[in-house]
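Single-structure report; data block below.
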Amino acid sequence: MKNRWFTKKVEEITVEDSQKTAESVKISGDLQKDRAYLKQSLGDSFDVKYRSLNVSGREFLFVMLDGMCDNLLITEQIMLPVSKGDFSSFDGDGALSHAADRVSGSIDKSVTRDMETAIAEMLSGNLLMLAEGGGFAVLFGVQYFAKRTPDEPNTESQERGSREGFVESFKDNVAMVRRRVRSPVLKIKTLEVGATSKTRVCVMYMSDRADMKMVDEAVNSIKNAQLDVVLGSGYLQPFLNRNKYSIFSCNATTERPDVFCAKLGEGKIGIIVDGTPDALVVPHLFIESFHSLDDYLKRAYYAAFARVLKIMSFVLSVFLPGFYVAVCTFHQEMIPEAMVFSITSQESKTPLPIVAEALLIHFIYEIVREAGLRIPKSVGNAISIVGALVIGEAAVMAGIVAAPMLIVVGLTAVSSFVVASLYEPVAILRFVFIIVGGIAGLYGIVFGFAAVLVNLASLSSMGVPYTSPLSPTKPGAWRDMIGRESWRQMGRRRMQIDKLKK
Amino acid sequence: MTSSKLSSFQFFSLLFLTRLLTIFTYIPAYTKDILLSDMVLMGALQCVTDILLLLPVYFLFRKSENKSVTEIIAERSPAAAKAAAVIYCAVFLYFTLTTVSRLDLFAGTIVFSETNVNYTLIFAVLSCGYGAYLGIEALGRGAVLMLVLAAATVIFVLATLTDDIDTLNFTPLFYNGAAPFLKTLVKSASRSVELAVIAAAAGEVKDGKTKGCLIWIITSAAAAALIFFFEAGVMGEFTSTQLFPFHSLAAIADFSMFRRLDSIITVVWLLCAFFKTALLFYCAARLLSLHFKRISFNAALAAFSAVSAAGCFYVTGSINRFVILDSSTVKTISIFLCALLIPVTALILQRRKKYA
């Protein structure tokens, strides 16, 4: 007696398995042989547990990975009911179907005929069940492993809004999104990336507004990613971003489920990678780097003010050091007289040329920042003291660095954290503009700015220009650019990213 | 490199910036035959010369919308197309040299005289080459962003000078007669490398070329007339003593406690120079790669950039060389060739093909 669901499922997998390569090994139904194959594949790993069970003359084999499964769940929902079952009237396949569908209380289950798939699923934390004479395996979703509870992401702090952030567990992250978008239009495609790691990647979109061509492009880009081990969403970024020669990225990352859902609501595609709390969102616009969730939770006028502030901070963080170097080296006439005297008196006491001084102090700043990121939090204060006192005050008192330069570094550092998502390009461009400013003055900086501007304009992600809706000009999308409309207006019309396609 | 098609708005924004640079870099010593008030009219009338010079190209593009002039010639005679491409490249090289040498003159005499011009030239050529490498669409998109900045800056500077306009500075029109006026108008038209660019690159514009072109002609003539009006009205005859009057005008401008608006104008000037030079680089490299199959776009671009850099190094630093280079006769011949002779030839070939 076979269950209908199981019959259908087994038929499906038979077709799928027949399409697999000739090298794939089928489950034989001979438990001795299958057990030997598993042992050969998995070696003597201590965490692989085998348990044989003979119930009413039918031999079953259970295989699980210790530390990845919920033992209580296995005992209560699978082992105990199966051990009390009656399988005397079934053949191997029938016994498996009966055990999985009628005897056990588990909802999350799947079947496979392929041994490699069975091993991969078992290694993901599923319980593998085989039966003597059964030509397929049943996999029960009983994953349970130590995980972090959702807390507020450090990199995306908000004044208002949810305090919940993505965690490393893929299923928990999907659940966080589902909880916010309780609609059947939210679709999920699950992929496996990494030849060895077989990391699960989840592509999420809203079917009523996402452009299916974009979805297919994203899915294909991920599928075609030739990677061995995938340990974070950053591994996939280059495959989703065709712009090889740019320091700007056309993918957004977020640790916030609310931001993720908001982006999906704009017709974008979200990508969650198992084992990492950073989700990717494509396509991404340059202007969105200056947006935050707070902008939508506060009044529109303040959102506009905050965005202008962020844009100015970005400009300051990129150009201020280079501008300072250029002005002090070549264009002193541009500075008001009183300031010239003050800067000259300070700079004249330092041994290095301004450009070298700027490079040195910014380099030291980057070292301190990097150290602050890597060292244990308990000694973080020590780094702050070293940075502030030793490198700051002492360097000025020793006459190695001028005080105005420290002000510039301080301002630049603070500004660069206002738009944290652009920190990587900002850090590099800052050094470039210091060198350019020191060699070619403001001319060099202006030409460098033009090159960066055209570089930004040349980028696009999934057919959407990075500088859109500014250029190509799409006035319809300006309602949420630097300023934003109030929710009364924004709520009426839906913003869809595919409308910004060329 | 981005895709090669750009919108009409992007293309003509790019051309507006190049025209703005031409207006910024107007040197009064070259137009000493006419008075400043005539310059205002001349600026406005430039739309007429532009329309007249663009007529052959207009008729040409009516039949073959998505092709450049050289591509249309290539349909009848590939050898002639190659020759035309070389002529266009030579003209683009010439205008690159004049643009950069005017920049050098501006840098070396007016502002930031301590800047090492050689380094500036290297950065200019490198960044413009990079801009051209990214493609015309990227340049077009960037130009749209830049256009907003440039227009806002110019309008702001002019707005601060409204109170300084003195009607006594204006003289009757054609005070020195109509002949010098017409001669200067032709000279002025000869500075319009944009006409050659339209002939060489308009095939890459998606749609709405005629409308976009008309808007560009009218707005750029209006911008020229407005700037000349302010130069004449605010500075009067003092304008003719200035090397670059618009920069002097910006130096006079002030708004509340804000002075030295010339620095903002200098930035806009440099950015316009970037877009103009990058566009010329792109057009030259594209023409070469299109008609000489063995030359790739990148190779053509590298070669053109290298030749431009060498030429710039040779011309800059010597005012005599600059004067020889900046000759209006050469410019007039260049524009006559690129905007009239070659397009008319292409038109004739196109008609012959039709009736063949």
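Lettering of chains follows the sequences in order, A, B, ..., and the numbering in each one begins at 1.
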- Check whether NZ of the Lys or CZ of the Arg B:Arg321 lies under 6.0 Å from the centre of the six-membered ring of B:Tyr314 and within 45 degrees of that ring's axis. yes

- Give, as side chain, backbone, both or neither, the part of A:Val452 having an atom under 4.5 angstrom from any heavy atom of chain B.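 When you check distances to chain B, no heavy atom of A:Val452 falls under 4.5 Å.
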
- Against chain A, work out which of B:Ala124, B:Ser13, B:Gly131, B:Gly142 has the most heavy-atom pairs shorter than 4.5 Å and name it. B:Ala124

Which donor-acceptor pairs under 3.5 Å do the side chains of residues 318-327 of chain A make with protein atoms, sequence neighbours left out?
| unit_1 | atom_1 | unit_2 | atom_2 | d |
| --- | --- | --- | --- | --- |
| A:Tyr324 | OH | A:Glu347 | OE2 | 2.8 |

- Task: Mind ranking A:Val436, A:Thr467, A:Thr473 by heavy-atom pairs under 4.5 Å with chain B and telling me who comes out on top?
- Result: A:Val436

- Message: Do the side chains of A:Asp211 and A:Lys268 get close enough for a salt bridge, i.e. N-O under 4.0 angstrom?
- Response: no

- Give the ring-plane orientation class for B:Trp269 versus B:Phe244, where under 30° counts as parallel, over 60° as perpendicular and anything between as tilted. perpendicular

- Can you tell which part of B:Tyr130 gets under 4.5 Å to a heavy atom of chain A, answering side chain, backbone, both or neither? side chain

